Amino acid sequence: DTPARARDALARYRQSVSEDGQNTRDLPAPGDGGFAGKDRFYGNLAAVRRGRHIVVALGTDDEENARRQLARVVGHLE
């Protein structure tokens, strides 16, 4: 896969979360950025892209905790 495909997939996921009536907001980092919001099944979530990879933290207590989890995973990606 490519960074462009990952970017498109993340945009589709954000749209899906937004269609559930949940507010989403931009996350400039970690990685190449993404968004935070609320999933109807998992609750709080944050999703970011790093190159061709997408990393998602689901069901976190708060956005800061989600960012820390994402940063740890993104730090191990090439």
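All figures in this text were calculated on a predicted structure; none of them were measured in a lab.
His76 and Arg72 get closest at one heavy-atom pair: CD2-O, 2.8 Å. The heavy-atom pair separating Pro30 from Arg67 by the smallest distance is CG-O, 4.2 Å.
A heavy-atom distance below 4.5 Å is found between the side chains of Arg14 and Asp26.
Among pairs with a residue in residues 37-48, those fulfilling salt bridge (charged side-chain N to carboxylate O under 4.0 Å, His left out) read Asp20-Arg40, at least two apart in sequence or across chains.
No side-chain donor-acceptor contact under 3.5 Å links Asp1 to the backbone of Arg52.
In this structure, OG1 on Thr24 lies 6.5 Å from CZ on Phe35, to the nearest 0.5 angstrom. Here the CG atom belonging to Leu27 is positioned 7.5 Å from the CG atom belonging to Leu70, to the nearest 0.5 angstrom. Distance CG/Leu45 to OG1/Thr60: 7.5 Å, rounded to 0.5 Å.
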Test side chain to side chain contact (heavy atoms under 4.5 Å, CB included) applied to Arg50 and Val55, step by step: CA-CA 8 Å; Arg50 166 106 189 239; Val55 181; 5.8 Å; no
The test is side chain to side chain contact (heavy atoms under 4.5 Å, CB included); show your working for Val74 and Val48 and say whether it passes. CA-CA 9 Å; Val74 166; Val48 295; 3.9 Å; yes
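Here Glu64 pairs with nothing under the side chain to side chain donor-acceptor pair (under 3.5 Å) rule; sequence neighbours left out. In this structure, the side-chain contact (heavy atoms from CB on, under 4.5 Å) partners of Arg49, at least two apart in sequence or on a different chain, are Pro3, Ala6, Arg7, Leu10, Asp32.
For the pair Asp62 and Arg68, the salt-bridge criterion is not met [side-chain N within less than 4.0 Å of a carboxylate O].
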